[in-house]
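The structure under discussion appears below in the form of structure tokens.
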Amino acid sequence: MFDVDKIREDFPILKQKVRGKQNLVYFDNAATTQKPLSVINSIVDYYTEINSNVHRGVHYLSGLATDEFEKSRQKVKEFINAQSTQEIIFTRGTTESINLVANAFSKTFLSKNDQVIITEMEHHSNIVPWQIARDEFGFTLKYVSFDEKGVLNQEELFSMINENTKLVALTHISNTLGTINPIKEIIDFCHKKNVKVLIDGAQGIAHTQVDVQKLDCDFYCFSGHKIYAPMGVGVMYGKKELLENMAVYQGGGEMIKEVTMEKTTFNELPYKYEAGTPSVADVIGLKYALDYVDKIGMKDIISYEDYLMEYTTEQLQKIKDIRIIGQSKEKSSCISFLLGNIHHLDVGTLLDMQGIAIRTGHHCAEPVMQHFHIEGTDRVSFSFYNTKQEVDIFIKGLLKAQSMLM
Ligand code: PLP
């Protein structure tokens, strides 16, 4: 499919030894992905050669920086197949993107009798902004449940929607259960009822082929760092017509057309939502990351990661007392599990001592933990640079941890 060994050459961090001893096995990709050399070099090049503030300068460097910055917007547009670059708003990440929508959409379109629906499998960043907006604007916030396998109760969602429902906000892929939600079906149903849909694409962007026009979603939010780009940059995609009619979010430089001491008129899209100096180098790095993903090909990435996930699941299921949390048929890229009664933190710590990086805890999805009456899980999550050999090392390490702790 593709040469994983060759790909790993592009990720220098993977070559290091943990505490100078163990080879690093990095299975925490749902938290953040590692960066290829092309991305790292793009940041060095930016600061070495063209560092300058964007958009407002007449001088040479500012022109270069602005060109590179806007090339990245064009790349994102193509990557998710948006209709226009005016629909691509650069933010700091998924969290800021959702906060932007929760604030601006609520301010513009929601009042006391309205209803917003989210799900019980959301990351906190698609819960808390809605709770804050609910408290400020007075609408009702409802939650759709999921079943024991981690599958969203779609019928429950459909039956919840009524004439007061204005927006459904849900995750494309759960960062805890791995569930891939049937977002296209949900979007189509919602649109028939005149309900807008926001997709939290923090995980979806790196593990599915996202086409916002085909999906027809109203908003799609993601973070660069989950798709091999630097931290500090994210995207809020929104349909142009909606964004044009929505209130502004943060105020400051760049988002204005004219400011007098009495009032301000606002800039056109996308700048209307980009107040202040952006993280220019990181935005440029995002283009290089998406180029890298395109070079490998999302289709092959998905097949390979599915293979790793299925192989790992098979191996895990052979272990006595393993409990896999999240067993949807439509699943991607991560596995949450518990090992008997052993605390998830102890498992993570003993694996770490063997150079294996996994994530432990509630994964910023406490309602998921409440659903299963647990405090947290251990989670492995994959990227295209991981290998079957690494899975074997992880399984061996897990058995060692089990023998030490039981
Ligand atoms: N939504 C989901 C599903 C996530 O997995 C994450 C991060 O783990 C986020 C939102 C928040 O992303 P960020 O912290 O990059 O804003």
Side-chain angles (χ1 to χ4, degrees), residues 26-35 39 76 89-103 118-132 143-144 146 150 152 168-181 183 186 197-208 210 217 219-237 249-250 278-279 282-283 285-286 289-290 305 309 325-326 328 330-336 357-369 371 376-383:
Y26 186 76
F27 278 169
D28 194 18
N29 295 288
T32 199
T33 53
Q34 300 302 346
K35 319 304 171 201
V39 170
V76 174
I89 312 296
F90 287 124
T91 62
R92 281 192 301 128
T94 312
T95 304
E96 191 175 52
S97 298
I98 297 175
N99 273 279
L100 189 167
V101 180
N103 183 283
I118 59 175
T119 86
E120 289 178 9
M121 67 168 79
E122 299 309 309
H123 186 282
H124 295 162
S125 55
N126 199 25
I127 300 175
V128 186
W130 296 110
Q131 291 179 347
I132 293 170
Y143 295 80
V144 189
F146 57 85
L152 192 71
V168 170
L170 83 162
T171 192
H172 193 169
I173 299 178
S174 157
N175 67 315
T176 309
L177 305 162
T179 307
I180 308 175
N181 283 318
I183 55 170
I186 292 172
V197 183
L198 175 144
I199 304 296
D200 172 352
Q203 300 297 332
I205 193 69
H207 307 290
T208 62
V210 174
C217 53
F219 302 101
Y220 195 97
C221 304
F222 67 92
S223 306
H225 72 96
K226 309 250 190 213
I227 185 160
Y228 312 99
M231 290 178 175
V233 55
V235 170
M236 191 279 279
Y237 158 82
Y249 178 46
Q250 292 178 330
S279 196
D282 301 323
V283 169
L286 176 59
L290 299 182
E305 289 174 350
M309 187 183 67
I325 313 282
S328 169
E330 300 300 324
K331 186 173 169 176
S332 169
S333 66
C334 79
I335 307 169
S336 273
I358 70 160
R359 189 138 294 248
T360 64
H362 55 57
H363 316 296
C364 295
E366 286 192 22
V368 174
M369 304 304 135
H371 176 102
T377 71
D378 293 298
R379 182 188 72 188
V380 285
S381 53
F382 307 104
S383 157

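Every number for a ligand or one of its atoms is a count from 1 in the order of the listing.
- Among all protein heavy atoms, the one lying closest to atom 10 (C) of ligand 1 is Ser125 OG, 3.0 Å.
- Side-chain atoms of Ser381 come within 3.5 Å of backbone atoms of Ala30 as a donor-acceptor pair (strictly under, hydrogens ignored).
- The nearest heavy-atom contact from the protein to atom 5 (O) of ligand 1 is Gln203 NE2, 2.8 Å.
- Judged by distance alone, with hydrogens and angles left aside, the side-chain atoms of Lys226 form no donor-acceptor pair with the main-chain N or O of Gly224 at under 3.5 Å.
- Taking the six-membered ring for Trp, His207 and His172 have ring centres at least 6.0 Å apart.
- Under 4.0 angstrom from ligand 1, there are no non-hydrogen atoms of Glu122.
- On a distance-only criterion, Glu96 and ligand 1 share no N/O pair closer than 3.5 Å.
- For the residue pair Thr176/Ser336, the side-chain donor-acceptor check at 3.5 Å is not satisfied.
- With Val76 as the partner, the side chain to side chain contact (heavy atoms under 4.5 Å, CB included) test is satisfied by one option alone out of Ile89, Leu290, Val233, Val283: Leu290.
- Of the polar atoms of Thr171, none of the N or O atoms is found under 3.5 Å from an N or O of ligand 1, judged by distance alone.
- The shell of residues lying under 4.0 angstrom from ligand 1, judged by heavy atoms, excludes His363.
- In this structure, Glu122 contributes its side chain and Thr171 its backbone to a donor-acceptor pair below 3.5 Å.
- Contact annotation: His225 has at least one heavy atom less than 4.0 Å from an atom of ligand 1.
- In terms of protein heavy-atom proximity, atom 8 (O) of ligand 1 is closest to Lys226 NZ, 2.4 Å.
- Considering only non-hydrogen atoms, atom 12 (O) of ligand 1 lies nearest to Ser223 out of Ser223, Ala31, Ser97, Cys221.
- Distances below 4.0 Å separate heavy atoms of Asn175 from the following atoms of ligand 1: 5 (O).
- Atom 4 (C) of ligand 1 has as its closest protein heavy atom His123 CD2, 3.3 Å.
- Aromatic ring centroids of Phe27 and Phe382 lie under 6.0 Å apart.
- Shown in contact with Thr94 at under 4.0 Å from a heavy atom are these atoms of ligand 1, numbered in order with element: 10 (C), 12 (O), 16 (O).
- With a 4.0 Å heavy-atom cut-off, ligand 1 is reached by the backbone of Thr95 and by its side chain too.
- When all heavy atoms of Val235 and Leu286 are compared, the pair lying nearest together is CG2-CD2, 4.0 Å.
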Tyr143 and Ile118: CA distance, side-chain angles, deciding distance, side chain to side chain contact (heavy atoms under 4.5 Å, CB included) verdict: CA-CA 5 Å; Tyr143 295 80; Ile118 59 175; 3.4 Å; yes

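- The protein non-hydrogen atom at the shortest distance from atom 1 (N) of ligand 1 is Asp200 OD2, 2.6 Å.
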